[in-house]
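Have a look at the structure below, then the notes.
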Amino acid sequence: MSAASPAHPQIRLQFDDNALLPILFGDHDRHLARIEQKLEVTLASRGNQVQISGTPGAATAAQTVLQALYKRLVQDKGKRRGEMPDTLDAATVDAEIRFAVDRDRTSSAGEAASVAIATWKRPIEPRSPTQFTYVQALRQFELVFGLGPAGTGKTYLAVAFAVAMLKERRVDRIILSRPAVEAGERLGFLPGDMKEKVDPYMRPLYDALYDTMPGDQVQRRMDSGEIEVAPLAFMRGRTLANAFVILDEAQNTTPTQMKMFLTRMGENSRMTVTGDLSQVDLPHGQRSGLRDAVDTLKGMQGVNFVNFTDADVVRHPLVTRIVRAYDAVERPLVARAEAGDRR
């Protein structure tokens, strides 16, 4: 594969393996159309060549995307000893576009593949530069805060990383927790046993577990205590050693609850705290424990904060636009509330 001179107003790519082009381009060239739409470039394919037209930055980004996707397919074909790779999905194409647009933060999606999380079911790769930074932080720090809107992969990646650590026997157990704010912590009023009471609040955590582990393993390890899913109120008085502990929806904790949770950390444990400070469900005027922790622990050795934005949303493209619309309305309200907290 070769590229035209960077000085040329157009970029021309040539791909050596013609058999990979139907996968690279997608059915009816849908991957090329996606790149055109996202990067505002024009792509013209002829034979084993693609000509890229657009502004210099956009054309270079499109070149990077196509080269990265092609390299991925070549490597996959090599691993399969010459058998054709699987079809590329839209999420993979979108991930390469994100990396190409934000080249300053990580050199390529190929670099992201090098930090893929090895779960029982499949390797989980970061799909945005911020996700790449987040996975690196999970590897390097004992306490990591993932902050930002829904759909950015904060909790999913944390659960996947916890599963990988359990698989590698670097921890003995996984503990997943959320504050049950919607029930006002009055779980006794709900029908059923304790598991049935808290399951609705823990469902997103279960979903991530079942996506990274076979179902029979999830159930078996939950029965043995290797995986525990519990509301935050159940953390009081415990010391959590040799564990990977995740607190999800942490914006709905109080400062007292957050301090209680963070001080549960025991020997050889990791903690990840995730939340969205624009979606606090606490009573009006109640300071979020997540906001309090961010202000209190900023700059502390061993603690890392990773901030996601709407650009990192990896769900349906409409979700990104919805997040941006709500954020535009809520940002001034959050700023005024924080100013009131400081007074």
Side-chain angles (χ1 to χ4, degrees), residues 89 91-92 95 109 112-128 130-148 150-178 195 198-232 234-235 238 240-250 261-262 264-275 304 306 308 312 314-315:
D89 58 18
T92 300
S114 71
V115 299
I117 302 168
T119 70
W120 267 285
K121 277 195 172 181
R122 60 188 174 89
I124 307 295
E125 295 181 14
R127 292 191 177 274
S128 76
T130 307
Q131 286 193 359
F132 176 85
T133 301
Y134 187 51
V135 173
Q136 286 187 313
L138 292 172
R139 293 187 188 280
Q140 296 172 14
F141 294 90
E142 295 173 306
L143 175 57
V144 176
F145 287 80
L147 311 171
T152 52
K154 307 181 301 296
T155 303
Y156 184 87
L157 288 173
V159 172
F161 195 81
V163 167
M165 289 195 71
L166 185 66
K167 177 173 178 282
E168 297 166 7
R169 299 184 178 179
R170 295 170 59 193
V171 295
D172 295 334
R173 54 185 174 153
I174 298 171
I175 300 174
L176 309 174
S177 185
R178 295 180 109 191
K195 183 177 185 303
V198 302
D199 269 2
Y201 307 103
M202 305 301 170
R203 181 50 51 189
L205 301 174
Y206 285 122
D207 291 343
L209 281 174
Y210 280 102
D211 204 35
T212 52
M213 297 177 67
D216 59 336
Q217 277 207 47
V218 174
Q219 191 58 54
R220 186 170 69 252
R221 292 175 188 275
M222 290 185 72
D223 292 340
S224 70
E226 289 177 274
I227 298 177
E228 179 182 349
V229 183
L232 178 60
F234 284 31
M235 297 296 106
R238 303 176 62 184
L240 308 174
N242 299 305
F244 197 106
V245 191
I246 299 172
L247 176 60
D248 190 34
E249 297 289 336
F261 173 80
L262 295 176
R264 299 308 92 197
M265 180 181 285
E267 192 71 24
N268 189 41
S269 284
R270 299 282 192 94
M271 282 188 167
T272 300
V273 178
T274 65
N304 189 260
V306 179
F308 293 82
D312 300 300
V314 292
R315 295 178 182 170

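Values below: every heavy atom of this structure, side chains too, minus hydrogens, waters and symmetry copies.
Under the 4.5 Å side-chain criterion, counting only non-hydrogen atoms from C-beta, D248 is not in contact with L176. Between L143 and L262 the shortest side-chain heavy-atom distance falls below 4.5 Å. Side-chain contact between I175 and R238 is present, with at least one heavy-atom pair separated by less than 4.5 Å. A heavy-atom distance below 4.5 Å is found between the side chains of F261 and V273. The side-chain heavy atoms of T212 and K121, taken from C-beta on, include no pair separated by under 4.5 Å. Between L147 and V306 there is no side-chain heavy-atom pair separated by less than 4.5 Å. At least one side-chain heavy atom of L240 sits less than 4.5 Å from a side-chain heavy atom of M235. Contact of the V144 side chain with the Y134 side chain is registered, since non-hydrogen atoms from C-beta on lie closer than 4.5 Å.
In terms of modelled atom types and a separation under 3.5 Å, the side chain of Q131 and the main chain of T152 share a donor-acceptor contact. With hydrogens and angles disregarded, a donor-acceptor distance shorter than 3.5 Å links the side chain of K154 to the backbone of G148. Here the side chain of Q217 pairs no donor or acceptor atom with the backbone of M213 at under 3.5 angstrom. Of the possible donor and acceptor atoms, none in the side chain of S177 sits under 3.5 Å from a partner among the backbone N and O of L247. At distances below 3.5 Å, at least one donor-acceptor pair connects side-chain atoms of S269 with backbone N or O atoms of A243.
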Subject >> Stepwise side-chain contact (heavy atoms from CB on, under 4.5 Å) test for M222 and Y206 >> reply: CA-CA 11 Å; M222 290 185 72; Y206 285 122; 3.4 Å; yes

Original post:
Does the side-chain contact (heavy atoms from CB on, under 4.5 Å) test come out yes or no for W120 and V163, once each step is laid out?
Top reply: CA-CA 8 Å; W120 267 285; V163 167; 3.6 Å; yes

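A salt bridge between E226 and R173 is absent, with no side-chain N of the basic residue lying under 4.0 Å from a carboxylate O of the acidic one. A salt bridge does not link R221 with E228: every distance from a Lys NZ or Arg NE/NH1/NH2 to an Asp or Glu carboxylate oxygen is 4.0 Å or more.
Of all the heavy atoms in V159 and L205, the pair that sits closest is CG2-CD2, 4.4 Å. Closest approach of F161 to L138, counting heavy atoms only: CE2-O, 3.4 Å. Across every non-hydrogen atom of A118 and K167, the tightest pair is O-CD, 3.7 Å. Heavy-atom minimum distance, L157 versus I117: O-CD1, 3.9 Å. Nearest approach of A116 to R139, heavy atoms of both residues: O-NH2, 3.3 Å. Across every non-hydrogen atom of T119 and A160, the tightest pair is CG2-O, 3.8 Å.
Under the side-chain hydrogen bond (donor to acceptor under 3.5 Å, both in side chains) criterion, N268 pairs with N242, not counting sequence neighbours. Applying the salt bridge (Lys or Arg N to Asp or Glu O under 4.0 Å) rule to R170 yields the partners E168; only residues at least two apart in sequence or on another chain are considered.
With 3.5 Å as the limit, one finds a donor-acceptor pair spanning the side chains of D211 and Y156.
How far CD1 of I246 is from CZ of R178: 11.5 Å, rounded to the nearest 0.5 Å. Distance CZ/F244 to CD1/I227: 13.0 Å, rounded to 0.5 Å.
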